[in-house]
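Here is how names work: the chains are called A, B, and so on, in the same order as the sequence lines, proteins then strands, and each is numbered from 1. Note that this is a predicted model, so its numbers are computed, not measured.
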Number of protein chains: 2
Amino acid sequence: MSGAAGAGGVGAGGGAAGGVAAGGVAAGGVGVGPVDAGADGAARGIRLLIADDEHLIRGALVALLNLEPDIEVVASAADGVAAVEQAIATRPDVCLLDLEMPEADGIEAATRILAAVPTRVVIVTRHARPGVLRRALASKVSGFVPKSTPAEELAHVIRDVAAGRRYIDPEIAATALTAERCPLTDRELDALRFSRSTMSVQQIAERLHLAPGTVRNYLSSAMTKLDASSRHEAAERAWEQGWI
Amino acid sequence: MSGAAGAGGVGAGGGAAGGVAAGGVAAGGVGVGPVDAGADGAARGIRLLIADDEHLIRGALVALLNLEPDIEVVASAADGVAAVEQAIATRPDVCLLDLEMPEADGIEAATRILAAVPTRVVIVTRHARPGVLRRALASKVSGFVPKSTPAEELAHVIRDVAAGRRYIDPEIAATALTAERCPLTDRELDALRFSRSTMSVQQIAERLHLAPGTVRNYLSSAMTKLDASSRHEAAERAWEQGWI
DNA sequence: CTAGGCCAGTGACATTTGTCATGCTCCGGC
DNA sequence: GCCGGAGCATGACAAATGTCACTGGCCTAG
């Protein structure tokens, strides 16, 4: 339907992608850790933290965003815990967090960061699942973009968020709004979580301190609700929806 | 350690790679296209093509590598087919291809590109699986790096490759050399391939035009060889090794 | 030619899964 | 206080899955 998703001023993507402005700092070393701020002449530069577990991607994002004259990358981290530490140490204006990270995922890191530092968070993710968006918003995240976003767009998003606005990828927002809420019960979710890995019902039952039959029951009812024909399929489906 | 990775009998296969002439032009669709070269004073810049299906990553890599004074990104593509077209159109010195791409994966694209254009290929991948490295080398790829590579390293790799040398990530090379070769028979692989999706034995049997019992046999023997306790686990394991 | 490997199939069998009918408890509504 | 429903739990039963033993065809190396 009409832009409920609009989330107010969603970027709406006014054309003007514009080439990346050149100039700026051609940062050299991209190691993890606080980045040397250097002469801080800029009047209103946005101080940014970047967290992504893939070294190459992290470095590339740093390079990309440092090209923007009004953005300055002040820290980068390779996992959720490091991101929290860096955020506390450098107090950035905006934190760009990858969702898939070891130690603590993007949402967990966002929660901890927002509890400790006055800043704003943008979550970036490869698989944009509706349920995850919901959880992200519940954690007071300000922005949510998939990795399929055009590179030029990212700077706009960061500026929007720095200015106090929110940005939700319209595509995901629409999906999240149409997708019905999770019909599964807590126990069913428990069982499904374990079913994603290769684990026998027995093993799941032990982990959950339940009788094997009970686990099968949960799995079965979950399969019915999700219209799946095996627990693996059901688990896969629940994962795609972001319910587990 | 760059060189290393002699990889012994990589050539082995010797199979007559199919002709793979780049046939008719496929659908245009893909917005990405040649990058404006601009006035180019540089005498010996490396002309680079970048292919990655994630827009954000692609853009970030372009930004990262364009920062290098001796590298010039002349084309970018979002899928394997587009990469081949771009490579033919722009004849770059080096092609940086993501392994995971729609239409044609990195290795397939590399094969086609190398058959049509005198250039060199570097494959980048998220999950560096030994078997895939083997296949990549068989396709005459010059470089193979995981996305966990430090960003600064990438430019070195591209320069090495442009100079005619090869670069194989030492970590993956070591794994590939220690890891034993695939112990599975062709039929077992067929059956396993289908087992990765959620499919009953019956369905697999139909696809393969085999009796259900036969499929179960293949699956069972594969499970034994891979020390797995379910076909899903076996399929997962074979996938991790890059055998399917 | 013959042994041995891979392929294809069959049938019997034990296990693992998925389905169902059935209790139990804890709610909220009337 | 009673009812109905949702969630939790279980055991019995049927179907799918994995294991084993064995037959035969085809091809290749010795």
Mind calculating the distance between [atom1] ([X]) and [atom2] ([N]) to the nearest angstrom?
X: L219(B); N: dT17(D); atom1: CG; atom2: C1'; value: 9 Å
X: E206(B); N: dA8(C); atom1: CD; atom2: C1'; value: 17 Å
X: D227(B); N: dG18(D); atom1: CG; atom2: P; value: 15 Å
X: L226(A); N: dG18(C); atom1: CG; atom2: C1'; value: 15 Å
X: M223(B); N: dC20(D); atom1: CE; atom2: P; value: 10 Å
X: M199(A); N: dT16(C); atom1: CE; atom2: C1'; value: 15 Å
X: Q203(B); N: dA16(D); atom1: CD; atom2: C1'; value: 12 Å
X: R231(A); N: dT19(C); atom1: CZ; atom2: P; value: 12 Å

Salt bridge (Lys or Arg N to Asp or Glu O under 4.0 Å) assessment of R126(B) paired with E54(B): CA-CA 12 Å; R126(B) 184 177 327 284; E54(B) 277 164 337; 3.7 Å; yes
Check this one for me: any side-chain N or O of [X] less than 4.0 Å away from OP1 or OP2 of [N]?
X: S200(A); N: dT17(C); answer: no
X: R187(B); N: dC6(C); answer: no
X: T214(B); N: dG9(C); answer: yes
X: Y218(B); N: dC6(C); answer: no
X: R216(A); N: dT19(C); answer: no

D52(B)/R58(B) salt bridge by N-O under 4.0 Å criterion: no
Lys/Arg N to Asp/Glu carboxylate O, R207(A) vs D190(A), below 4.0 Å: no
5'-most by nearest nucleotide on DNA chain C - P212(B) or D186(B): D186(B)
Along DNA chain C (nearest heavy atom to each residue), the more 5'-positioned of G213(B) and S221(A): G213(B)
pair R91(B)-T119(B): side-chain heavy atoms closer than 4.5 Å: no
Which nucleotide, [options], lies nearest any side-chain atom of [X]?
X: Q202(A); options: dT16(C), dG7(D), dG18(C); value: dT16(C)
X: V201(B); options: dG7(D), dA8(C), dT17(D); value: dT17(D)
X: A211(B); options: dG11(D), dT17(C), dG9(C); value: dG9(C)

Check: T125(B)/E100(B) side-chain N/O donor and acceptor closer than 3.5 Å: yes
Side-chain H-bond candidate by donor/acceptor type, E188(B) with S221(B), under 3.5 Å: yes
Touch class at under 4.0 angstrom, heavy-atom based, for S230(A) against every strand present: sugar-phosphate
Sugar-phosphate, base or nothing in reach of L210(A), heavy atoms under 4.0 Å: sugar-phosphate
Check: N217(B) side chain, dT10(C) base, donor-acceptor under 3.5 Å: yes
